[in-house]
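Report on one structure; see the data block that follows.
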Amino acid sequence: MHDEKLIKEIKRKALEIRKWVIESVYRAGSGHPGGSLSVADILACLYFHEMRHNPKDPKWPDRDRLVLSKGHAAPALYAALALAGYFPVEELKNLRKIGHFLQGHPCMKKVPGVDMSTGSLGHGLSVAVGMALAGKLDKKDYRVFAILGDGEVQEGQIWEAANAASHYKLDNLIAILDRNKLQIDGPTEEIMHLEPLAWRWQAFGWDVIEIDGHDIEEILGTFHEIKLNEKPTIIIANTIKGKGVSFMEGTLSFHGKPPSEEQYIRAMSELEQVERELND
Amino acid sequence: MIDATITDKKRNLRDAYSSALIALGRRNPDVVVLDADLALSTKTKRFGTVFPDRFFDMGIAEANMMGVAAGLAACGKIVFASTFAVFATGRSYDAIRQSIAYPELNVKIVATHAGISVGGDGASHQMLEDIALMRALPNMVVIAPADATEMEDVVPAIAEHNGPCYVRIGRADAPILFETHGMFEIGKGYVLREGSDITVIATGTMTAEALKAYDLLKKEKIDARIIHMPTIKPLDEKLVRKAAKETGRIITCEEHTVIGGLGDAVAMAIAKKPVPMIRIGVNDVFGESGEAWQLMEKYGLTAENIVKRAKELIKKS
């Protein structure tokens, strides 16, 4: 059990991330709000409690690493990094603007705190395997987190990486699969089926944990269940695409589309309402 | 001018690669080597035998190997990733682009079995577009050494360079051209023979042919300058422009398609002040099975063809 104060604090951070997702994507005029909102609670738990990191020393060799393999959720990652103190939150207003460091997809050379450049789906888990392997080689105790989209695991390279992770017994590797059940062309099970998803990962030699990806207490508790048993772990986080903004929840249309002005105002007022309730 | 002679002595560049890797591994504990189930052919297995903790066979999954290499490099390792050129570049292109070249990570892709001289395996395995693919990527250094001596110098040089590199070598034994070490520097071309009638610029396996062509041309009273260009990117443009200005004609030679390789790089370098030029390479076709020497002959990758084309160029211009 985590104390209520901590849970409330992380809920607040998740809400702030969501507000910045809406704000930055609206200002950018393009971007991916749906998948950014679905992963907001997970990122809040990682950056504001679970991960060992230091915003004052982004390249700290002993830090836990995070690879956002579903790089299109960059607005949520940037918001988490800014709120954690890697760079001023005001910079989030310049997402996707020419000459600015906040690229449409994460760029490790430009953004402090970004551990790997991603965006083209299917690549991040391989890189996370390499980082975890380096940790084992150097006998360091850092962990590597890789956040995958659900549609993303249709890419074959993901399974090459999954195979390598269990072969090399990388129990310092934790994948989190944002199971929001929608991809651009439709529901994952209609476009290219993923189920039985947990069984597939188990068959590749992974420990599998299934959780509600919006329940802060459950997310935090999950990390305690991960064992150093020479097996990589995947957390299948059941989520809702667009979570937190009523008219975006469970819809396909906000995968890669910014809100209109009217939608922006509605989304922000909904999130501010929740924030007020949380602060009461 | 650099001392280079063709002798009867031959040595395989893959052997040179593995011995240089082991020497490098002894000096630098950050060197890690990956292979994709071809470690006996690429000869990285020898490194694995000496340093089992720093060698990982990634199985038949080349794209994943490139991503893993990127992750290791992001944690401070100097990573050598090896397999055949056709898998190292074609199969893995997007992994290299997204995870190595774009974030500019310290990965050295050393590909063997490049070119048509792979022989019997045929077109599926004869990689003729790798230079073009890798040259097109920002941040990527592209190198094709000519002999085993040079290969032994290339390995520590790329380890010293902080960033992505692509090195392509062939399968067959190659004549030793350079007796002494210490010549190779990334981005530098080398004049092996002085001459004023025409310049032949060659890379990789074709440098030996260019040297043979020099002697044949000499007999016909044609004075050729021979340049060995181990680094295709960044290209030694100064040396190319100087040769264009002083000899007025250029022939490029590469065991690669004529599209996007050394020939195109040289043409770009002299585009502002062009001189008559011929690019020798494989002419936009796939290869086929055969003995290495038969294929080199059939596809015009020989000293004799360099002589023929040089005479044509001199006649026309």
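To find a chain, count down the sequence lines: A is the first, B the second, and so on, and within it residues start at 1. Fair warning: this is a prediction, and the values are worked out from it, not measured in the lab.
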What residue, out of [options], has the most heavy-atom pairs lying under 4.5 Å from chain A?
options: B:Asp53, B:Asn64, B:Leu105; result: B:Asn64
options: B:Asp57, B:Val79, B:Leu34; result: B:Asp57
options: B:Ala63, B:Ala70, B:Ala69; result: B:Ala63
options: B:Pro29, B:Gly59, B:Ala61; result: B:Ala61

Select one option (side chain, backbone, both, neither) describing which atoms of B:Val32 are under 4.5 Å from chain A's heavy atoms.
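For B:Val32, the side chain is the part near chain A, not the backbone.
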Cut-off 4.5 Å, heavy atoms of chain A, and the answer for B:Ile60 is neither
Report, as yes or no, whether the 6.0 Å neighbourhood of atom [atom1] on [X] holds more than 12 heavy atoms from other residues, nucleotides or ligands.
X: B:Glu160; atom1: CD; result: no
X: A:His193; atom1: NE2; result: no
X: B:Arg171; atom1: CZ; result: no
X: A:Lys97; atom1: NZ; result: yes
X: A:Lys110; atom1: NZ; result: no
X: A:Lys257; atom1: NZ; result: yes
X: B:Arg91; atom1: CZ; result: no

To the nearest 0.5 Å, how far apart are [atom1] in [X] and [atom2] in [Y]?
X: B:Tyr102; Y: A:Met108; atom1: OH; atom2: CE; result: 11.0 Å
X: B:Gln98; Y: A:Ser117; atom1: CD; atom2: OG; result: 9.5 Å
X: B:Arg97; Y: A:Ser120; atom1: CZ; atom2: OG; result: 8.0 Å

Which of [range] get closer than 4.5 angstrom to chain B, counting heavy atoms alone?
range: residues 130-141 of chain A; answer: A:Gly130, A:Met131, A:Leu133, A:Ala134, A:Leu137, A:Asp138
range: residues 145-160 of chain A; answer: A:Gln157, A:Glu160
range: residues 55-85 of chain A; answer: A:Arg65

I want to check something: taking the side chain as every heavy atom from C-beta on, are A:Met116 and B:Pro103 in contact at a cut-off of under 4.5 Å?
yes
Evaluation steps, side-chain contact (heavy atoms from CB on, under 4.5 Å), between A:Tyr168 and B:Met58
CA-CA 10 Å; A:Tyr168 284 110; B:Met58 302 311 296; 4.0 Å; yes
I'd like to check the side chain to side chain donor-acceptor pair (under 3.5 Å) partners of B:Asn162; sequence neighbours left out, ordered by chain and number.
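Checked B:Asn162 against side chain to side chain donor-acceptor pair (under 3.5 Å); matches are B:Asn106.
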Atom group of A:Ala161 that falls short of 4.5 Å from chain B, counting heavy atoms
both
